[in-house]
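Working notes, beginning with the structure itself.
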Protein chains: 2
Amino acid sequence: MSDLLERLRDRGWRLTAQRRVVAEVLNGDHVHLTADEVHERAGRLLPEISRATVYNTLGELVALGEVLEVSTDGRAKRYDPNARHRHHHLVCTNCRTIRDVPADETTDAPPSGDCFGFRISDVEITYRGLCPDCQAKA
Amino acid sequence: MSDLLERLRDRGWRLTAQRRVVAEVLNGDHVHLTADEVHERAGRLLPEISRATVYNTLGELVALGEVLEVSTDGRAKRYDPNARHRHHHLVCTNCRTIRDVPADETTDAPPSGDCFGFRISDVEITYRGLCPDCQAKA
DNA sequence: GCCAGTCTTAGAACTAGTCTAAGTATTGAG
DNA sequence: CTCAATACTTAGACTAGTTCTAAGACTGGC
């Protein structure tokens, strides 16, 4: 994750305590936190961090392509630091857990039929179903 | 669309002017309106209809499986009456236009690799790219 | 036509996110 | 190391989208 801070500095970022903390909170591969969750966790490390700064920093990370924005339900957006490996999402319809699942040529193929003249640049797939835990409880 | 009203009555729905109007506004196959757009159009036909009623009716239609909820951006949910034909969505990254694109066995296949034990019941695909109009303007 | 109970209403409340203006702190120059 | 320029952060007001509430209105079965 220090690589990330390096990359950001190279892009002209000032390295502030707040940005460090947001980057640290987002560390991990199957992390899909909402902005409020990021704010809450960042607040444990740096109590005076403001919500606006968390939103600003997340927005900047997304703009730089370091973090992905995921909106699998119509609620709060989630922030996914796993931007280096193309992947899709498994979402549990019961407990809303999210897991990354690798993308491949098959999943990323454009639709077989008519694309109505669209020039497709990205394919985003959400697989919905029951996670193992929720299957066990059912 | 009168079929829809029939089906709803069969399920014990009271047929009120408001519900008729919401159903009528949603008529069509490539319609992806926000709740506010539905409210605005419904208001032209029945000026005193309230926003709460529009939300209630849309929610009920979704619960009954007659209408799909689509959240392709992190903004307002859109309501898609094309629930009878499995399909995915093409979204223009520039003008945000949405088009339906038919689903088939290929698009609806579960991920080829490990599903982490999930029992997948639905696949939802968003293809992002430039629509013909926006390509022409670019 | 009457009544029970469902549906609708206006507006308040809530959640997620953005904006603003003033203050603070990082960094590069000297 | 110090300083100034200016990028960054802050609290809190504001907006959009949606849900809730309590009171009144209307539908459909009798």
Side-chain angles (χ1 to χ4, degrees), chain A residues 4-25 32-43 45-64 66-80 96, chain B residues 4-25 32-43 45-64 66-80 96:
Chain A
L4 171 57
L5 291 176
E6 274 308 319
R7 287 200 299 279
L8 295 176
R9 174 154 40 209
D10 292 348
R11 306 218 209 191
W13 267 36
R14 285 192 182 176
L15 292 191
T16 65
Q18 290 83 347
R19 286 171 169 177
R20 269 177 233 274
V21 162
V22 170
E24 187 169 339
V25 166
H32 303 89
L33 300 172
T34 63
D36 260 14
E37 285 163 354
V38 172
H39 179 227
E40 195 243 323
R41 293 183 191 205
L45 302 166
L46 187 69
E48 66 278 20
I49 193 170
S50 77
R51 245 147 42 81
T53 297
V54 171
Y55 276 105
N56 287 343
T57 308
L58 290 173
E60 288 156 359
L61 289 169
V62 170
L64 294 177
E66 297 288 353
V67 165
L68 301 171
E69 219 171 49
V70 184
S71 35
T72 43
D73 53 4
R75 324 276 302 167
K77 287 173 193 158
R78 293 182 171 274
Y79 293 89
D80 179 347
R96 313 229 145 241
Chain B
L4 170 58
L5 291 175
E6 274 309 318
R7 287 199 299 279
L8 295 176
R9 174 157 37 212
D10 292 349
R11 305 218 211 192
W13 266 36
R14 286 197 178 170
L15 292 190
T16 65
Q18 291 83 346
R19 286 172 169 177
R20 270 177 231 272
V21 162
V22 170
E24 186 170 340
V25 165
H32 303 89
L33 300 172
T34 64
D36 260 14
E37 286 163 353
V38 172
H39 179 226
E40 195 243 322
R41 293 184 192 203
L45 302 166
L46 188 69
E48 67 278 21
I49 193 169
S50 77
R51 241 138 45 80
T53 297
V54 171
Y55 276 104
N56 287 343
T57 308
L58 289 173
E60 288 155 359
L61 289 169
V62 170
L64 293 177
E66 298 288 352
V67 165
L68 302 172
E69 218 172 51
V70 184
S71 34
T72 43
D73 54 5
R75 323 277 301 168
K77 286 173 195 158
R78 294 184 170 273
Y79 293 88
D80 179 346
R96 313 228 145 241

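Note on naming: letters A, B, ... go to the chains in the order of the sequence lines (proteins, then strands), and numbering restarts at 1 for each one. These values consider heavy atoms only, across backbone and side chains, with no hydrogens, waters or symmetry-generated copies.
D:dA16 atom C1' lies 12 Å from atom CG of B:D73, rounded to whole Å. To the nearest angstrom, C1' of D:dA16 lies 14 Å from CZ of A:R75. Atom CZ of A:R9 is separated from atom C1' of D:dC8 by 16 Å (rounded to the nearest Å). As a whole-Å value, the separation of A:R20 CZ from D:dC8 C1' is 14 Å. When the P atom of D:dG12 is taken as reference, atom CD of A:E48 falls 15 Å away, rounded to whole Å. Distance, A:I49 CD1 to D:dA11 P: 10 Å, rounded to whole Å. Rounded to an integer number of Å, the gap from A:Y55 OH to D:dT15 C1' is 13 Å.
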Discussion item. Counting primed atoms plus P, OP1 and OP2 as sugar-phosphate and everything else as base, spell out the protein contacts along nucleotides 20-27 of chain D at 4.0 Å heavy-atom distance: B, S or - for each nucleotide, 5' to 3'.
Written reply: B-----BB

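Scanning both residues, A:A35 and A:V54, for their nearest heavy atoms gives O-CG1, 3.8 Å. Smallest separation of non-hydrogen atoms from B:T34 and B:Y79: C-CD1, 4.4 Å. For B:H32 against B:E37, the heavy-atom pair with the smallest separation is O-OE1, 4.2 Å.
Atom CD in B:E69 sits 8.5 Å away from atom CG in B:L58 (nearest 0.5 Å). Note that CZ of A:R20 is 5.0 Å distant from CG of A:L15, once rounded to the nearest 0.5 Å.
With a heavy-atom cut-off of 4.0 Å to chain A, the contacted part of DNA chain C has its first and last nucleotide at C:dA16 to C:dT27.
For the pair B:L64/B:R11, a side-chain contact is recorded, criterion being any heavy-atom separation below 4.5 Å from C-beta on.
Side-chain atoms of B:H39 do not come within 3.5 Å of backbone N or O of B:Y55 as any donor-acceptor pair.
Residue pairs satisfying the salt bridge (charged side-chain N to carboxylate O under 4.0 Å, His left out) criterion with at least one member in residues 51-61 of chain B, sequence neighbours excluded, are listed as follows: B:R19-B:E60, B:D36-B:R51.
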Discussion item. Pair A:T57, A:Q18 - check side-chain contact (heavy atoms from CB on, under 4.5 Å), show working.
Written reply: CA-CA 9 Å; A:T57 308; A:Q18 290 83 347; 5.6 Å; no

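When the nearest nucleotides of DNA chain C are assigned to A:R78 and B:R19 by heavy-atom distance, the more 5′-ward of the two goes with B:R19. If you find the closest nucleotide of DNA chain D to A:Q18 and to A:G74, the one lying nearer the 5' end belongs to A:Q18.
The residue B:R51 sits close to a base: some heavy atom pair falls under 4.0 Å.
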